[in-house]
Amino acid sequence: MTKITKTLFIASLLLINHILFRLVDYSKVMLGHPLSNIYHDIHSYTPQLFFLKVCGFHQSCPYWYNGIKTFIATPPAWYFFAYPFYIITNNILIAFYITAILIMLFSFLAIYYIGKTKLKSKLKRIAFFAFVFGNNTAMLVLRMDRLPELFSWLFFLISFFVILHYKDKEIDWLFYLLAPMYALTILSYHGVGILLSFIFLGLFLVKLIENKKDAIKVALTGILGISLTSFWSIPLLLEAKNLFISQTNLGAEALWDFVGNYLHFTPMAIIILPLGLFITFYLYLKTNEKTNDLIFVAPSFLLIILFMSGVIKFIPIIKTIFSNIFFIFIIIFISYYLLNIKFEKLNIAFAKLASVLIILLTIGTIAISIHNTPLYDTVTPEQRNVAELLNYVDKQFIVVGGLREINSSHLAIYAYAPIYYNLTTAGGHYPALKDPQYLKDLKALHGNFSVSCEVFSGFSDKLNVGQYIAYGKNCEWLEYCGAKLDKEVGQACLYSK
């Protein structure tokens, strides 16, 4: 066993144990309470899975924002995948966890079997899985409940290895099967689908130089893949001008965003990861015979440079891709080219240094995960008090003033109420579904206590709000404005207009 083989074995063992530890901890989601998970995307995903069951796809649904059209802006693939488990178990949280386990399992199997054309040894394929899914970024995505994103990486990785296979091979009819994989990536999480488009573009450029007929086949496959999303993408494009999604700037941080801490990612990582990729790719080129990889990676590397420089923030559509998606994208490239470096061609001292760095980075990413990514939360008595108020709600309601005081969020209430109490709210957890003016009015109700009681009452009438849930001193403000107390549990209160 060579030094690098031992290194890969140790690193893989550490990272896979980290994955298993996180998955065991994540099982608490099945027994957890929605109000205990502040700022987690489960508050968006589980209600929309519920809406798929009770309202259907692309149908009017009354539960959020005075009525929405389901999945008009939400990529639906994960929901279709999770739906049978929801029906079978009749428990939305168990279904949620089952899909998390299956995504990890299917991703491992895809890498192990489809990746063998480019990663010859079993250890390298296992290491690739460990590097891509065991790092702090991927584990934070899991902890943030972003299962649709993880689902999209499954199809991305299948496409990635198929494209790598055909990069050095004449394209045959089997390549067209890549179109559904491309479509499923987009339909799972659009940001990952956009990045996969750059991989397609790299293959197109390679074939354009080497075999123009194959280049046409690549283009046709890409067009076919996009066409397969038309049942969802065309209605989205037609409605986009009326939705907040067309105006959002949330997405990738830039190097100068030192105050930003979205998902715990820092500007330092925006520099370190791309530099690590460029060094790894250089060593790959140095130790391998002449390849077409430089042409293949050119579009993706250009995108990564734009991301690294911060220019990405000024590019429409692409600017909405979150930084963690770019990080995983870069890690996939680093992992692939690292595992294809022929270390025996390098200086012995340098190869030893590389082994040490791999172990240190493995320990480092696990340490960062432990520090930045807390274990799954458990519900507190204060959070249960707020939830208990839902038993007494009989009108359309909102949460006034937020719930930060009890380490929860109004978004959790908006997720919990429709699923378990069949209640409707003027709020919701997917602002892309409504127009900016509606969201501005809603924000005034959520906590803008600088407005007068009359203005507050006017916004309530405009958004058809009949009851308010609040906590602590926010209850006093509602009483001051003349609202009627319906129920009080601890410091949690329910008022009627």
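None of these values were measured; they are calculated from a predicted model.
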- prompt: Counting only heavy atoms not in Tyr113, do more than 12 sit closer than 6.0 Å to its OH atom?
  reply: no
query: Is a donor on one side and an acceptor on the other found under 3.5 Å between the side chain of Thr425 and the backbone of Phe397?
result: yes
- prompt: Backbone N or O of Ile368 within a donor-acceptor pair of the Asn136 side chain at under 3.5 Å?
  reply: no
task: Verify side chain to side chain donor-acceptor pair (under 3.5 Å) between Thr185 and Ser188, making sure each step is shown before the conclusion.
output: CA-CA 5 Å; Thr185 308; Ser188 298; over 6 Å; no
field: Ile317 CD1: over 12 foreign heavy atoms closer than 6.0 Å
entry: no
field: Close side-chain approach of Ile318 to Phe326, heavy-atom, < 4.5 Å
entry: yes
message: Salt bridge or not between Lys118 and Asp168? Use side-chain N to carboxylate O under 4.0 Å.
response: yes
- request: For Asn91 and Ile94, indicate whether the former's side chain and the latter's backbone hold a donor-acceptor pair under 3.5 Å.
  value: yes
field: With Phe128, the side-chain contact (heavy atoms from CB on, under 4.5 Å) member among Leu119, Leu8, Leu338
entry: Leu119
task: Could you tell me if the ring centre of Tyr189 sits under 6.0 Å from that of Phe151?
output: no
field: Residues which pass ring pair (Phe, Tyr, Trp, His ring centres under 6.0 Å) with Phe85, listed by chain and number, not counting sequence neighbours
entry: Phe81
query: Taking the six-membered ring for Trp, are the ring centroids of Phe301 and Phe281 within less than 6.0 Å of each other?
result: yes
query: Any side-chain heavy atom of Lys122 sitting closer than 4.5 Å to one from Tyr112?
result: yes
- request: Could you verify whether a donor N or O on one side chain and an acceptor N or O on the other, from Asn474 and Tyr468, lie under 3.5 Å apart?
  value: no
message: Determine whether the aromatic ring centres of residues Phe322 and His190 are separated by less than 6.0 angstrom.
response: no
task: Using atom types as modelled and distance alone, determine if a side-chain donor or acceptor of Gln48 lies under 3.5 Å from a backbone N or O of Tyr45.
output: no
query: Under 3.5 Å, is there a donor-acceptor pair between the Ser409 and His43 side chains?
result: no
field: Mutual orientation of the aromatic rings belonging to Tyr63 and Phe50 [parallel < 30°, tilted 30-60°, perpendicular > 60°]
entry: perpendicular
task: Using the ring pair (Phe, Tyr, Trp, His ring centres under 6.0 Å) rule, pick out the option among Tyr430, Trp64, Tyr83 that qualifies with Phe51.
output: Trp64
- prompt: Do the side chain of Arg22 and the main chain of Arg143 share a donor and acceptor less than 3.5 angstrom apart?
  reply: no
- prompt: What's the shortest heavy-atom distance between Ala110 and Leu154, and which atoms?
  reply: CB-CD1, 4.2 Å
Rounded distance [0.5 Å steps], CG in Leu150 versus OG in Ser107: 7.5 Å
- request: Write down the atom of Pro274, the atom of Ile304, and the distance for their closest heavy-atom approach.
  value: CB-CG2, 3.8 Å
field: Ring center gap for Phe155 and Tyr182 short of 6.0 angstrom
entry: no
query: Considering all heavy atoms of both residues, which atom of Arg146 and which atom of Asn324 are nearest to each other, and what is their separation?
result: NH1-OD1, 3.1 Å
field: Centroid separation Trp232 to Phe57 less than 6.0 Å
entry: no
message: Between Ser300 and Ile199, does the side-chain contact (heavy atoms from CB on, under 4.5 Å) criterion hold? Intermediate values first, please.
response: CA-CA 7 Å; Ser300 298; Ile199 305 291; 3.6 Å; yes
Expected output: side-chain Ser369 to main-chain Thr365 donor-acceptor under 3.5 Å: no
field: Short side-chain donor-acceptor distance under 3.5 Å, Thr7 and Ser355
entry: yes
field: Side-chain (Thr74) to main-chain (Thr70) donor-acceptor, under 3.5 angstrom
entry: no
- prompt: Would a line drawn from the ring center of Phe329 to the ring center of Phe333 be shorter than 6.0 Å?
  reply: yes
message: Donor-acceptor pair, distance only, cut-off 3.5 Å: does the side chain of Asn135 make one with the backbone of Val132?
response: yes
query: Mind checking whether Tyr79 and Phe71 have ring centres under 6.0 Å apart?
result: yes
- line: Here the pair of heavy atoms bringing Val192 nearest to Ser152 is CG2-OG, 3.1 Å
- prompt: Considering residues, nucleotides and ligands other than Lys342, do more than 12 of their heavy atoms fall under 6.0 Å from its NZ?
  reply: yes
task: Would you confirm whether Asn391, through its side chain, and Glu388, through its main-chain N or O, come within 3.5 Å as a donor-acceptor pair?
output: yes
- prompt: Any chance NZ of Lys440 has more than 12 other-residue heavy atoms, nucleotides or ligands included, within less than 6.0 Å?
  reply: no
- prompt: What about Tyr414 and His410, are their ring centers closer than 6.0 Å?
  reply: yes
- prompt: Does the Tyr337 side chain pair with the main chain of Tyr284, one donor and one acceptor, at a distance under 3.5 Å?
  reply: no
- prompt: Taking the six-membered ring for Trp, are Tyr86 and Phe96 ring centroids under 6.0 Å apart?
  reply: no
task: Calculate, to the nearest 0.5 Å, the distance between atoms OG1 and CG belonging to Thr287 and Leu346 respectively.
output: 6.0 Å
- prompt: Which distance, rounded to the nearest 0.5 Å, do you find between the CG of Leu157 and the CD1 of Ile328?
  reply: 9.5 Å
